[in-house]
Amino acid sequence: MKPVSLIQFLIEERRAGHINAELSLLIEVVARACKRIAVATNKGALGGVLGMAGSDDALSMNIQGEAQKKLDVISNEILLEANAWGGHLAACASEEMEDPQQIPDGYPKGQHLLLFDPLDGSSNIDVNISVGTIFSVLRCPDDVTEPKAEHFLQPGTTQLAAGYVVYGPSTVLVLTFGHGTHEFTLDREVGSFILSRRGIRIPEETAEFAINMSNQRHWEAPMQRYVGELLAGTTGPRGKDFNMRWVASMVADVHRIVTRGGVFFYPLDAKIKAKGGKLRLMYEANPMAFIVEQAGGAATTGRERIMELQPTGLHQRVPVFLGSKKEVEVATHYHLQADHLQADGARD
Ligand code: AFP
């Protein structure tokens with residue numbers, strides 16, 4: 001079979017009526033920007049891009065109050081610059097910036113809103129572990145010419161597209177327009193993303209889970225119960241052994257799940273309860289939920305379907321349970337069951 005490039009794939013999707021010309025251009029631009037980010041990450045120490053942003057005595061912090069790496073800043077700038085002039089965007093929002101970025105004066109505007117986490121897992125970059133870019137595309141409400149944060153606050157079910165790029169041993173783009181999830185691998189010699197898997201399916205059952213176990217003592221009771229049963233393996237109620245994998249780059253953990261199944265959890269815990277969770281709804285949870293659901297998996301907060309949440313803030317955080325459907329269902333069931341028992345107890 002002849003290799004199918006991303007550009008060919010986008011033309012096919014337009015012909016199938018899944019996307020319009022503007023969305024096709026948007027994805028091409030994002031993919032091109034991600035190739036530049038891949039070049040920067042690949043250079044590593046030789047490119048002078050490792051380490052923290054800012055001077056040693058005045059480290060930069062992003063809007064999340066997290067220290068910014070140089071590559072966070074570089075990746076953010078690459079994506080902003082690439083998307084400024086094409087005429088396909090109404091505005092964009094980044095995990096690294098407090099407010100949405102408007103299209104500079106003098107450039108045409110389009111109908112789409114782009115949200116991105118320019119470099120997810122950036123605390124892994126200095127130790128040469130995979131990092132990635134995550135993005136989500138929404139339609140700009142009609143008659144809005146200067147989109148503000150409130151115009152981005154649309155449930156994940158309204159996403160027109162979502163994707164991520166993993167900068168690992170190879171650079172891989174995973175993409176959905178709501179008609180399946182597809183994978184493209186960057187051919188570095190040619191400089192093109194080539195379709196490597198069409199219509200990805202995540203197995204419904206799994207024996208592999210990903211979670212930061214160091215937070216165990218802070219978790220809620222149903223999470224303790226669920227993971228306790230996984231750890232008990234054949235000696236517990238689940239009757240089978242589970243293996244654990246945790247990269248601490250969400251893109252890499254999700255890519256493993258999209259490749260061979262598994263479940264990923266970032267549950268609520270006592271340390272992060274006031275913030276609502278660890279991961280960001282608009283930049284991480286919604287796009288990953290769309291990709292995973294389109295591959296036959298499931299994505300919840302442990303209580304609700306992520307994509308049905310009505311966002312309340314651009315930088316809102318939520319708990320995330322995603323991956324192989326049956327396992328997400330078991331963990332979600334334990335949380336809902338505990339909530340019902342608690343509500344019954346409160347009524348008695
Ligand atoms: P960074 O981009 O700051 O490295 O955060 C990565 C991340 O948002 C996500 O990719 C990981 O799953 C998660 O944080 C890991 O966080 P902890 O190390 O605090 O568990």
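Since the model is a prediction, treat every value here as computed from it, not as a measurement. Counting starts at 1 for both ligands and their atoms, following the listed order.
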Looking at Ser123, which atoms of ligand 1 are within less than 4.0 Å of one of its heavy atoms?
4 (O)
Between the candidates Met250, Glu95, Arg317, Lys271, which shows the shortest non-hydrogen contact distance to atom 10 (O) of ligand 1?
Met250
Are a donor atom and an acceptor atom from the side chains of Thr185 and Ser170 found within less than 3.5 Å of each other?
no
So, do Phe265 and Tyr226 have ring centers that fall under 6.0 Å from each other?
yes
Any side-chain donor-acceptor pair under 3.5 Å between Asn215 and Tyr266?
yes
Going by distance only, is there an N or O of Asn215 that falls short of 3.5 Å from an N or O of ligand 1?
no
Decide whether Gln224 and Tyr334 meet the rule of one side-chain donor and one side-chain acceptor closer than 3.5 Å.
no
At under 4.0 Å between heavy atoms, what of Leu279 touches ligand 1? The answer is side chain
Please determine if Asn212 has a nitrogen or oxygen closer than 3.5 Å to a nitrogen or oxygen of ligand 1.
yes
Step through it carefully: locate the ring centre of Phe209, locate the ring centre of Trp246, and say whether they are under 6.0 Å apart.
no
Do Lys278 and ligand 1 have an N or O pair less than 3.5 Å apart?
yes
Any side-chain donor near an acceptor of the partner, Ser136 and Asn286, under 3.5 Å:
no
For Tyr283 and ligand 1, answer yes if some heavy atom of the residue is under 4.0 Å from a ligand atom, otherwise no.
no
Nearest option to atom 17 (P) of ligand 1, as decided by whichever heavy atom of Tyr266, Phe265, Phe264 sits closest:
Tyr266
